[in-house]
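Report on the structure given below.
Atoms within a ligand are numbered from 1 in the order they appear, just like the ligands themselves.
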Amino acid sequence: TGNQWGYGKEDGPSAWHRSYPVAKGSRQSPIDIIPEQAFHDNSLGPIIANYDHCTSINISNNGHSVVVEFVDSDNRSVIQGGPLDNPYRLKQFHFHWGGKGCDGSEHTVAGYSYASELHLVHWNAVKYKTFAEAATAPDGLAVLGIFLKTGDDHRWLHTITDALYMVKYKGSVTDFRGFNPKCLLPSSLHYWTYLGSLTTPPLHESVVWIVLKQPIVVSDKQMGKFRTLLFTGEEEEERIRMENNFRPPQPLQGRKVRSSN
Ligand SMILES: NS(=O)(=O)c1ccc2oc(NC(=O)c3ccccc3)nc2c1
Ligand SMILES: [Zn+2]
């Protein structure tokens, strides 16, 4: 079926354009962010993440990443401000990472990659009725990107890494209640923002990207636990370790990257 895409040699990012021609579009993500070339826009207010009443539901392995999903039937957890004209509802978050000893962020900063990148995916429920509808609209989604670099243990990431053994195989899902992702935010919410796309198929050009400048710090050991996940399902005889699930930077195509103060 057309949905067979991955991160391998045959089905990886360089092949996605065959089933998803928008891969060669004019506002693809991720990109290499060059801080000196970003435009300091004083009209850009602060990002406000109101996650205090969020309701996490489950954690799952979708064969591409590990995903934590949230109740999005009302405005209990939203992001607003910054470049956004409306509040956007939190739908899910997931990660992208590298292999042992090599980096795996999607966005890069002046060519520098981080160990991993966390994406908090939100949708514009003011203008669109469903996530699916928003996912195909030019202002439908807002993804908050947070870099992870290695160093000390991250005290709250344990809640996630301790649950990964339960979602080792593609297609596995387990309850994951009471998790508030505000504990994964860095102390500074300064950001870069630009118009882009989903970084995996279907690659819809529907994302207002908000990439935080300050990374969070996690330990090598915690990153290692992400690499115990598999791209493959329990019933498949071939076991392929889930790693390097990142798309490389795409052409800027004349887009402006703006910077908050
Ligand atoms: N790496 S990314 O650009 O953040 C990115 C890429 C591809 C994505 O597909 C979805 N779909 C849902 O979340 C969803 C969740 C529930 C129901 C339908 C869709 N979110 C994405 C985020
Ligand atoms: Zn992502």
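Glu234 and Ser172 share no donor-acceptor pair across their side chains, judged by distance under 3.5 Å alone. For the residue pair Asp139 / Tyr128, a side-chain donor-acceptor distance below 3.5 Å is found, with atom types taken as modelled. Inspection of the Tyr194 and His107 side chains reveals an N or O donor paired with an N or O acceptor under 3.5 Å.
By the 4.5 Å side-chain criterion applied to Ile, Leu, Val, Met, Phe, Trp and Tyr, Ile57 is assigned to a cluster that also includes Val71.
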Stepwise side chain to side chain contact (heavy atoms under 4.5 Å, CB included) check, Ile216 with His154:
CA-CA 8 Å; Ile216 60 171; His154 189 291; 4.1 Å; yes
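Comparing Leu203, Thr199, Leu118, Thr200 against atom 3 (O) of ligand 1, the shortest heavy-atom distance belongs to Thr199.
Between Lys91 and ligand 1, no pair of N/O atoms sits closer than 3.5 Å. Polar contact with ligand 1: absent for Trp209 (N/O pair, distance under 3.5 Å).
Among pairs with a residue in residues 215-225, those fulfilling salt bridge (Lys or Arg N to Asp or Glu O under 4.0 Å) read Asp162-Lys225, at least two apart in sequence or across chains.
Of all atoms in ligand 1, listed by their number and element, those nearer than 4.0 Å to a heavy atom of His96 are 1 (N). Numbered from 1 in the order shown, with element, the atoms of ligand 1 that lie under 4.0 Å from a heavy atom of Val121 read 4 (O), 22 (C).
In terms of protein heavy-atom proximity, atom 5 (C) of ligand 1 is nearest to Leu198 CD2, 3.7 Å. Nearest protein heavy-atom contact of atom 20 (N) of ligand 1 is Gln92 NE2, 3.2 Å. For atom 14 (C) of ligand 1, the closest non-hydrogen atom on the protein side is Phe131 CE2, 3.6 Å.
Between His94 and ligand 1 there is a heavy-atom distance shorter than 4.0 Å.
The aromatic ring centres of Tyr191 and Trp209 sit 6.0 Å or more apart. Annotation: Tyr88 is not in aromatic contact with Trp123 [ring centroid separation under 6.0 Å not met].
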For residues 144-153, please give each side-chain donor-acceptor pair under 3.5 Å, one per line with the distance, not counting sequence neighbours.
| residue | atom | partner | partner atom | Å |
| --- | --- | --- | --- | --- |
| Asp153 | OD1 | Ser219 | OG | 2.6 |
| Asp153 | OD2 | His158 | NE2 | 2.3 |

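Protein N/O/S atoms found under 2.8 Å from the Zn ion (ligand 2), listed by chain and residue number: His94 NE2, His96 NE2, His119 ND1.
A distance-only check finds a donor-acceptor pair linking the side chain of Arg89 to the backbone of Asp74 [under 3.5 Å].
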